[in-house]
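Quick notes on the structure that follows.
All heavy atoms count here, side chains included; hydrogens, waters and symmetry mates do not.
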Amino acid sequence: MKSNIKVSILVICTVICAFSAAAQTPYRQFGIKTGMNISNVNSNLSSFTSKDIIGGNLSLTYDRVHFRFLTVGGEINMVQRGFSNPLQITDSLGTTLGVADIRNKFNYFSLPLKLGVQFGNRVYIFGNAAFIPAYLMKAMTEIPVVDANGLITNYTWQNASSTAAQFELSTQIELGIGVTKAKRFKFYVSAAKQQALTNILNNPQSSFNLKSTGIIISTGMKIEFGKGLFK
């Protein structure tokens with residue numbers, strides 16, 4: 001009798017362990033997403049004013065899912081950030097003729113490192129927090145060309161990479177919702193809030209500090225893989 005009880009307990013423990021191991025088996029999600037980045041800057045000077053500009057965002061994504069809900073992953077990302085600020089147009093006597101916006105765009109290659117959660121199957125929700133190191137590829141400034149009457153006749157782009165910081169560090173919070181098709185194809189939309197930790201400008205002698213910030217709206221698709229890929 002005692003032997004049968006021991007065998008039964010052993011069988012139950014084996015089944016529980018097997019179920020637990022299966023539930024904890026990690027799987028992977030590879031994907032791509034693209035979207036719109038509404039960006040601006042925060043300044044340490046109260047007198048500085050700026051406006052939003054719209055840029056693009058394109059990413060290749062990878063997530064490793066543990067316990068069916070915990071995600072650890074990263075992205076290879078191309079993103080455009082920036083801001084515009086007003087410029088007063090004056091004549092030779094200093095009389096203000098009008099105001100034009102100078103547009104500043106910064107193109108980055110970044111590698112977001114993410115930790116998050118994901119709940120649901122057919123319909124699912126997810127969220128993650130990311131730490132984002134970024135490398136500046138190009139910075140451009142759009143400057144208005146005005147005539148003698150202060151009217152804008154054209155715009156010209158100038159390379160501004162020499163005045164921009166080569167590297168940027170920022171954080172990001174992302175929330176999204178999606179649906180799963182054919183058991184392994186995941187389609188989703190998401191919204192993310194990005195905030196830089198470092199100055200967007202490259203002038204260590206200056207106390208003027210600008211930090212990029214933005215809202216990213218994205219759509220994406222992920223393909224789910226089981227064991228054996230990037231083990």
Within the distance-only criterion (no hydrogens, no angle test), does the side chain of [X] pair as donor or acceptor with the backbone N or O of [Y] below 3.5 angstrom?
X	Y	result
N44	N209	yes
S59	K33	no
N104	S84	no
N199	F208	yes

What residues, two or more places apart in sequence or in another chain, satisfy side chain to side chain contact (heavy atoms under 4.5 Å, CB included) together with [X]?
X	answer
K105	I53, Q80, R103, W157
I173	A129
S110	N77, V79, P112, I132, A134
L136	F106, Y108, A139, A164, Q166

Counting only pairs under 3.5 Å, give me each side-chain donor-acceptor contact of residues 182-191, with atom names and distances, residues two or more places apart or in other chains.
| from | atom 1 | to | atom 2 | distance (Å) |
| --- | --- | --- | --- | --- |
| R184 | NE | E224 | O | 3.3 |
| K186 | NZ | T180 | OG1 | 3.2 |
| S190 | OG | E174 | OE2 | 2.7 |

Using side chain to side chain donor-acceptor pair (under 3.5 Å) as the criterion, list what pairs up with K181, not counting sequence neighbours.
none
Within [range] or reaching into it, pairs that qualify as salt bridge (Lys or Arg N to Asp or Glu O under 4.0 Å) - sequence neighbours excluded:
range	result
residues 34-43	none
residues 41-56	K51-D101
residues 34-47	none
residues 161-173	R81-E168

To which residues is I215 joined in a hydrophobic cluster, defined by side-chain heavy-atom contacts under 4.5 Å among Ile, Leu, Val, Met, Phe, Trp and Tyr, whether direct or through other members?
I217
Any side-chain heavy-atom pair from I32 and T61 closer than 4.5 angstrom?
no
F109 side chain near M78 side chain, heavy-atom distance below 4.5 Å:
yes
If you take all heavy atoms of [X] and [Y], which pair is closest and at what distance?
X	Y	result
T49	N85	O-CB, 3.5 Å
V65	F69	CG1-N, 3.9 Å
T198	L169	OG1-N, 3.2 Å
G73	D63	CA-OD1, 4.0 Å
Y27	F225	CB-O, 3.1 Å
S212	V41	CA-CG1, 4.0 Å

Please tabulate, for the side chains in residues 113-122, all donor-acceptor contacts under 3.5 angstrom to protein atoms that are two or more places apart in sequence or on a different chain.
| from | atom 1 | to | atom 2 | distance (Å) |
| --- | --- | --- | --- | --- |
| K114 | NZ | E75 | OE2 | 3.2 |
| Q118 | OE1 | Q29 | NE2 | 3.4 |
| Q118 | NE2 | Q29 | OE1 | 3.2 |

Should [X] and [Y] be regarded as members of a common hydrophobic cluster, given that ILVMFWY residues are connected when their side-chain heavy atoms come within less than 4.5 Å of each other, either directly or indirectly?
X	Y	value
I76	M137	yes
L60	L58	yes
F126	V123	no
M140	I54	no

Assess the residue pair N40 and S50 against the criterion (side-chain hydrogen bond (donor to acceptor under 3.5 Å, both in side chains)); give the C-alpha distance rounded to whole Å, side-chain angles, the decisive distance to 0.1 Å, and a yes or no.
CA-CA 7 Å; N40 205 325; S50 61; 2.7 Å; yes
For the [atom1] atom of [X] and the [atom2] atom of [Y], what is their distance to the nearest 0.5 Å?
X	Y	atom1	atom2	result
N202	S161	CG	OG	11.0 Å
I216	N37	CD1	CG	4.5 Å
Y62	T71	OH	OG1	11.0 Å

Any chance the side chains of T213 and K193 put a donor and an acceptor closer than 3.5 Å?
yes
